[in-house]
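Everything on this sheet refers to the single structure shown next.
The sequence lines fix the lettering, A, B, ..., with proteins before strands; numbering per chain opens at 1.
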Amino acid sequence: NAGVTQTPKFRILKIGQSMTLQCTQDMNHNYMYWYRQDPGMGLKLIYYSVGAGITDKGEVPNGYNVSRSTTEDFPLRLELAAPSQTSVYFCASGMTGSNEQFFGPGTRLTVL
Amino acid sequence: AQSVTQPDIHITVSEGASLELRCNYSYGATPYLFWYVQSPGQGLQLLLKYFSGDTLVQGIKGFEAEFKRSQSSFNLRKPSVHWSDAAEYFCAVGANNAGNMLTFGGGTRLMVKP
């Protein structure tokens, strides 16, 4: 099992550009999550999904969109990149009822 | 809503010394508690978890944590720190009725002196 994989590992965007961060899990988990990590701030939940076709906002959803067309994939879309979106983004997945989450290696995004 | 506080932002210990990282949580019922470790440039790896039962939980890499309900704490300990333990450590709390959500503390960065 590869677990949770994320691409790309690094990306530099210009203000106003758009991009999609990819996340795939092969553990057949129904829950998937996107977090951002800023220095000293821990992890903040952006969006989550409880299964294919179902997504919901987390704590900091503004400026982002998600979709979940399959159990395995949960891409995160940035439409108009802003410097405030410079961060490390983590995708995670989990099974119903356990709260334990399995994390991908992260994507480091810089918006200039 | 639940919350997690990790009072120490940075901790430095000498190699071979003991370690305790503090975690305090706020939640009205019995929480699910987790400790994750993040090595530089890496994702988060689960060290240990508490759901119920024995309040002293053993994890990977020689770590343990103790759930103390009266103090709302879940401190992480290791009797002898190795240089490879230098990393950032996150405590997290989940609720059994919160749809698998986790709330993370701000993290504690551990540095190990030779």
What part of B:Gln38 gets closer than 4.5 Å to chain A, counting heavy atoms only: side chain, backbone, both or neither?
side chain
Tell me, out of B:Ile9, B:Val4, B:Leu46, who's got the most heavy-atom pairs with chain A below 4.5 Å.
B:Leu46
Between A:Gln37 and chain B, with a heavy-atom cut-off of 4.5 Å, which part of the residue counts as in contact: side chain, backbone, both or neither?
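A:Gln37 touches chain B through side-chain heavy atoms alone.
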Heavy-atom count around A:Ile12 CD1 within 6.0 Å, excluding the residue itself: above 12?
no
Measure from NZ or CZ of B:Lys78 to the centre of the six-membered ring of B:Phe63, then state whether that distance is under 6.0 Å and the direction lies within 45° of the axis.
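The answer is yes, since B:Lys78 meets both limits relative to B:Phe63.
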Just by distance, do the side chain of B:Asn75 and the backbone of B:Glu20 share a donor-acceptor pair under 3.5 Å?
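Not a single qualifying donor-acceptor pair exists.
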Between B:Ser39 (side chain only) and B:Ala87 (backbone N and O only), is there a donor and an acceptor less than 3.5 Å apart?
no
Linking I/L/V/M/F/W/Y whenever any side-chain heavy atoms sit under 4.5 Å apart, do A:Val66 and B:Met101 land together?
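Looking at the clustering, B:Met101 is in a separate group from A:Val66.
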Highest number of heavy-atom pairs under 4.5 Å with chain B: which of A:Met95, A:Glu100, A:Gln6, A:Glu59?
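If we count pairs closer than 4.5 Å to chain B, A:Glu100 comes out on top.
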Among A:Leu45, A:Thr96, A:Val4, which has the most heavy-atom pairs under 4.5 Å with chain B?
A:Thr96
